Amino acid sequence: MVSQTVEVVNTQGIHMRPAGVLVEEMKKFSDCTVMLKTADKSAKATAVMQIMAAGIKCGTKVEITADGVNEQAALDKAVELFKSGFGE
Amino acid sequence: MDKFTGKGVYGAIAIGKISVFNRQEASVRRIHIKDTEAEIKRLEKAKARSSEQLQQIYNKALKEVGETNAQIFEIHMMMIEDEDYNESIINIIETQMVNAEYAVAVTSDNFASMFASMDDTYMQVRAADVKDISNRIINNFAAVSNENNSIDEKVVICADDLAPSETVSLDKNKVLAFVTANGSVNSHTAILARNMNIPAVIGVGDKFLEKIKDGQTVIVDGFSGEVFLDPDEDTLNAMNKKQSEDSEKKKLLMELKGKENVTLDGTKIEIYANIGGVDNIGAVLFNDAGGIGLFRSEFLYLENSDYPTEEQQFTAYKKVLESMAGKKVIIRTMDIGADKQVDYFNLGKEENPALGFRAIRICLSRPEIFKTQMRALYRASVYGNLGIMFPMITSVSEVEKIKAICEEVKHELRSDNIEYSSSIEIGIMIETPAAAIISDKLAPMVDFFSVGTNDLIQYTLACDRQNPNLENICDTHHEAVLRLIAISAENAHRHGAWIGICGELAADTSLTETFLRMGIDELSVSPGFVLKVRNEVRNIDLS
C-alpha cells in the first residue's frame, strides 16, 4: 500500500464536478482500492456519493491511500488531480 | 392583480401565459414480492433506460449551455451507478422482500436527507440531485416520461421547483420564462437558466402555486425578481415599455462588441471591468471588457472559515490571469474591515469602522497575512498580465513599507527558485483625500493610480453613504471630489504614471466627458456597464 497527503486547492472544495472527475479516473484502476481520508471522514475514491458526503473543503488535508495492482500509478494520478485543482 | 417577489436569476422581462408544470410522479407503494432476483432485473432495466435518457439530456445541454454546465448530467449518470446507492437499493429489496420502486424511493430519501443535513449550503442543494435521479428511475419502471410536455405556444413555465434535468429538457423555443415557488440561486437550475438566457424568478413562495392556473397572464421581471399575476392595464403598459426598452438597449449594445473605446475626435480610453470572484470572469469576457480593473480579493477571505492558504490564493489568481489571456488584470490586496468583517481576523468592535483598522492598515501591522497574499500574487504573475494595487493609502511611508515587503517576497521567491514576472505593475488606490492631495509625492513611487470614488466621496464630504438622511449632502458630483480626481490625474501624468477610476462613478455616463477631459486613462465598471460606457465614449467630441 502506498499513500501521500495533499491539500485541497479548489475554492469550493471537492464538490460535484471534482468528485466526478476523480471517480472517472480512479475507475480505470479496477484492481486497486483508492481511499481518501480526512481527520474525521473517509471515502472510497470510486464512490461519487461517499466523496460528496465527506464534504471535503478547501484547505483540508487529505491522505490518499492506494492498495492493489498499479497502486503507485493510481496514487500519482490522484495526487496530480488534487494538486491541479481537478482542472478548475 | 397579485404581486409576488423572488430572486431574479436572469435580467430580462417576459409577458405571457402560464403553463403549470405537471410533473408526472408515479406514486410509490410498498409491495411485498417473492422473486427478488426478478425485481433486481427490473431495477437494472429502469436504470439502463434512465442512463440512456440522461445521455440524451447531456447531449442537448452540451449544445445549449456548454460543457461546464452540462457536466452535471454526467455526474448524474455516475450517481445512478454509485456503489453505495445501488447496494442500499438491492439490500432493501432482498432483506425486506419489497418492490424495487419502493427500495429506490427509500434510498433516495436516506441519501437526500444525508446531504440536506450537511453544514455546507452547496452540499445541501445536492439533495435535489439525488431526488432527481431517483425519480427518473422510479418513472422508468412504469415508463412514464416527463420529457414530452407538449407545448404549442410560448409560455411561462410555473412550478414548485424544477430539477436541472427538467430545466434542460424544456424546449427553449417555447419557454418565455420560468417561475418557481421554491429553489435557491445556488441551484444548478438557476445557473442553467442564466446560461440559457431565459428570464427566471425563483423562490416566490408556495402561495403563488395556489393562485395560478394554465392560461393566466403573467409578467416576469427578471431584473427586480417581481412576478405580476393577472396584471392591470397600467402595469401591463409599464412593463411592455420596460421590455421593449430593454431589448432595444441589449440589441444596441451588442452591436458595440469588438468596437474601440474612442471618442469622435480620436481620444482613446481603456474600459475594464470590476469583479469580486472567479465566477464573474464569464461576464467580463461576454461584455468585451479590455481587462479587469479591479479584482476584489476579499472573497477568498470572506468565503473561508480561516485564513486562505498561499496555495488556495495562487490557484484563484492563476485562474483569472489565464482566463484573461494576456489582458490586464489588476488585483487589489485584501480590503477587510469596515463593512467587510471576517470573524477569524478577531478585529474587535470599533466606534468608527470606516475610519478604523482596515485594508492596508491590517496588512502592514500583520505582515504574515500580507506576505502570504503577496507570495501567491507574485507566483501567479507568470500566467498573465498582472497589476497589484493597495487600498486605503494615506501616506508616503505606507507605500515605502509596502515596497519593502514586495522586495522581501521577491527575494524569498528567488532563493526558492520560484519564477515571477518582471513586468508586474504596482499601483495604489486614491480613495482618501490625503492620498489625492499628496499625489505628487505618491505618483513617482508607483506605476498607476486607481480612484476608488465610493470611499473618496464619503471621506471628502464627511458623510456616511449608507445613511439615508444624508442623501442630499452626499452629492457624488461634488466639486471637491472632482477636483481631487483632477489633481491626482495631473500628478500621475507628470510623473509618468497612468490613472484609472474603479468606483461606481466610473459608470456614471454623465461624467464620462469630464473624466476624458481630465485625461483619465482607464474606467473600470461592473461588467454589465462596459458597453454602455463604450457607447457614451463613442458619442463624445472633445475637440
Side-chain angles (χ1 to χ4, degrees), chain A residues 4-36 38-62 64 68 79-88, chain B residues 67-88 107 110-112 114-115 117-127 129-130 133 164 186 188 277-279 299-300 303-319 322-323 376:
Chain A
Q4 192 172 332
T5 301
V6 289
E7 193 180 307
V8 176
V9 297
N10 297 60
T11 37
Q12 280 189 304
I14 304 304
H15 60 94
M16 229 165 159
R17 208 196 63 84
V21 173
L22 182 66
V23 169
E24 204 180 330
E25 287 298 326
M26 291 302 114
K27 281 209 165 151
K28 291 177 187 163
F29 298 93
S30 50
D31 295 314
C32 181
T33 308
V34 182
M35 297 289 298
L36 310 178
T38 64
D40 55 349
K41 294 227 171 72
S42 73
K44 216 166 154 181
T46 47
V48 76
M49 300 264 208
Q50 276 187 22
I51 300 170
M52 281 162 55
I56 305 170
K57 291 185 180 163
C58 187
T60 306
K61 291 208 173 17
V62 180
I64 309 168
V79 169
E80 180 199 320
L81 288 171
F82 269 90
K83 285 199 170 158
S84 70
F86 297 87
E88 288 199 321
Chain B
E67 196 190 342
T68 322
N69 293 304
Q71 253 170 357
I72 173 187
F73 301 112
E74 265 188 327
I75 295 158
H76 277 188
M77 286 185 253
M78 247 177 228
M79 288 167 85
I80 286 186
E81 293 306 327
D82 184 80
E83 286 172 40
D84 298 294
Y85 181 74
N86 281 292
E87 253 171 43
S88 162
T107 302
N110 290 343
F111 276 74
M114 174 184 75
F115 282 119
S117 67
M118 285 170 73
D119 65 344
D120 176 330
T121 45
Y122 173 85
M123 283 301 169
Q124 286 165 8
V125 178
R126 301 289 74 80
D129 292 292
V130 176
I133 61 149
N186 277 329
H188 280 287
V278 282
D279 301 347
F299 80 97
L300 287 162
E303 283 175 3
N304 254 331
S305 49
D306 201 350
Y307 295 103
T309 63
E310 181 183 321
E311 213 49 42
Q312 247 174 288
Q313 299 197 43
F314 167 74
T315 310
Y317 304 148
K318 175 175 173 242
K319 183 169 184 189
E322 282 182 334
S323 311

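Below, chain A is the first sequence line, B the second, and so on; all start at residue 1. These numbers were taken from a predicted model, which means no experiment stands behind them. All heavy atoms count here, side chains included; hydrogens, waters and symmetry mates do not.
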Under 4.5 Å from any heavy atom of chain A - which part of [X]:
X	value
B/M118	side chain
B/F111	side chain
B/M114	side chain
B/Q312	both

Smallest separation among heavy atoms of A/M16 and B/I72, with atom names: CE-CG1, 4.2 Å
Minimal non-hydrogen separation, A/V48 against B/D82, with atom names: N-OD1, 3.0 Å
Can you measure from [atom1] ([X]) to [atom2] ([Y]) and round to the nearest 0.5 angstrom?
X	Y	atom1	atom2	answer
A/N10	B/K319	CG	NZ	9.0 Å
B/E74	A/R17	CD	CZ	10.0 Å
A/M52	B/I75	CE	CD1	8.0 Å

Per-residue contact mode, [X] against chain B (heavy atom under 4.5 angstrom):
X	value
A/I51	neither
A/E7	side chain
A/K83	neither

Heavy-atom side-chain proximity of A/E24 to B/M78 below 4.5 angstrom: yes
Validation row: B/L300, A/T11 side chains within 4.5 angstrom (heavy atoms): yes
Set of residues satisfying salt bridge (charged side-chain N to carboxylate O under 4.0 Å, His left out) with respect to A/K28, sequence neighbours excluded: A/E25
A/K61 atom NZ, over 12 foreign heavy atoms within 6.0 Å: no
Residues which pass ring pair (Phe, Tyr, Trp, His ring centres under 6.0 Å) with A/F86, listed by chain and number, not counting sequence neighbours: A/F82
